[in-house]
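Below you'll find the structure, written out as structure tokens, and then a few comments.
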2 protein chains.
Amino acid sequence: MSKPQRSFARESPEQRRQDLIDATLKIIGGNGFRAATVRSIAAQANVTLGLIRHYFTTKEDLITAAYEAHMAEMTRLALAPADDTTKSPKDRLRAVIHANLTPPVLSERNVTLWATFLAQIANEPEIQATHTRTYLHFRNRLETLIRETLIAENRTPTQTETQHLAVACNAIIDGLWMEGSTSKGALQKSTLADLALKNIGRMLEIDLGP
Amino acid sequence: MSKPQRSFARESPEQRRQDLIDATLKIIGGNGFRAATVRSIAAQANVTLGLIRHYFTTKEDLITAAYEAHMAEMTRLALAPADDTTKSPKDRLRAVIHANLTPPVLSERNVTLWATFLAQIANEPEIQATHTRTYLHFRNRLETLIRETLIAENRTPTQTETQHLAVACNAIIDGLWMEGSTSKGALQKSTLADLALKNIGRMLEIDLGP
DNA sequence: GGTTTAATTATACGGTTGTATAATTGTGAT
DNA sequence: ATCACAATTATACAACCGTATAATTAAACC
């Protein structure tokens, strides 16, 4: 009856790699790590399983690349407001906090992904390396923002002080992000960012209040 | 040459169940979820794989029981100082914070276990139920401790205020616990509890300082 | 001390997994 | 138009997984 439809189409290496990474993240984030087999990933990306090995030497290699891409995207979303030079340091800090505790950063899918990779850092050196790098990048950017904010308030924090504050602020942000993403409805999402602003404000001894 | 050694010995159901649960936690915490097969778990517990099905209807059942047991133990360790009636509320709160951020609660093994189970809450209803129950139990106990501490300082917090403070305190404790357990040496473990005490003190507007 | 019974082991089985290799097929160059 | 090559598919395979069932064996009982 119909003409033999084209059985497949070629794509650029970059596109294919990205498609496979996206498919991996979608499956892990939606159905968990166990569901992320080479076959299900290939199906999600509309290719056959052999193609995975053509672009990634091993499945673990794909997983590592997916983690890398995911963290890059999360960091991008979380730090996007940090470089808005039209705003004051304080407003940028407030915006970063808010971005971390509202969708799309705040989501069950992201917690599943994050926990899945975190569970592997003790046994997978490459996962550990990516974790440490992205963690320090975010924390250092946060520290700079905190320092700028305090200086704008005529404060003179030492480097040790700002580092400790950055560690603590990062902790409360991460903790609230987890709580907010995992406890279904027991915690109103609307108050999450306000909670962070109020308490980080007290930690920094400035007024970040909503 | 030697007498035929006894090939196995019987144990009480409670002991066997506990042995299998301990073996499961040891393998997941040490080598990750993928390494936790029924065969490796049985070997770790010095039994054969068939015995698992004799005590647990399915492997998922064993995993769930292991999560339950692990969280019970973590909660026990973390809240042990909360009921020491010889101390003031403030000292008990300080002790709980300290217990959460020092070994044995603070450990890479525990983060691996915790992340492994957290990664499953979106897809495993029983894991989700255990998570919510243990989370609320800890947070409620923390809220009571915070209320008692504030009242002892002649403060009159509302229920909403103490609940919000409990959420925020729980968040910073969890966040620091994770940071401290995952970032190898980049963060001195000795300062971790002090960091929590100082910043939670500011959040509660009281002096918890070391 | 033999009998019974439940705990434990031993073995088997179908399905799935990641990887390897061979067979196709789309596509740009000539 | 067809040639050449790389992208993609198709197929195969050995290892491992969780589960089921049958065969042993330790230990309690009378």
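In what follows, every chain begins at residue 1, and chains take the letters A, B, ... in the order their sequences are listed.
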Taking only side-chain N and O atoms of [X], does any of them lie within less than 4.0 angstrom of OP1 or OP2 on [N]?
X	N	result
B:S7	D:dT24	no
A:H54	D:dT8	no
A:Y55	D:dA7	no

Taking atom [atom2] of [N] as reference, at what distance in whole Å does atom [atom1] of [X] sit?
X	N	atom1	atom2	answer
B:E14	C:dA6	CD	C1'	15 Å
A:E11	C:dT27	CD	P	9 Å
B:Q15	C:dT8	CD	P	11 Å
B:F8	C:dA10	CZ	P	9 Å
B:L51	C:dA10	CG	P	12 Å
B:I52	D:dT21	CD1	P	18 Å
A:F56	C:dG18	CZ	P	15 Å
A:R16	D:dT8	CZ	C1'	8 Å

Quiz item: Pick the nucleotide of DNA chain D nearest each of B:R10 and B:R53; which residue has the one closer to the 5' end?
Solution: B:R53
Self-check item: Position toward the 5' end of DNA chain D (nearest nucleotide), B:T37 or A:R39
Solution: A:R39
Quiz prompt | Result of checking B:L136, B:V96, B:D83, B:I146 against B:R141 for side chain to side chain contact (heavy atoms under 4.5 Å, CB included) | solution = B:D83
Practice problem: Output yes when A:R76 and A:E73 qualify as a salt bridge under the 4.0 Å nitrogen-oxygen rule, no when they do not. | Solution: yes
Quiz item: In terms of side-chain heavy atoms, does B:T130 have a donor or acceptor partner in B:E68 at a distance below 3.5 Å?
Solution: yes
Exercise. Quickly, which of A:Y67, A:W177, A:Y135 forms a ring pair (Phe, Tyr, Trp, His ring centres under 6.0 Å) with A:W114? Name it, please.
Key: A:W177
Exercise. Tell me what B:L49 touches on the nucleic acid: a base, only sugar-phosphate, or nothing, going by heavy atoms under 4.0 Å.
Key: base
Quiz prompt | B:V47 and B:L20, any side-chain heavy atoms less than 4.5 Å apart | solution = yes
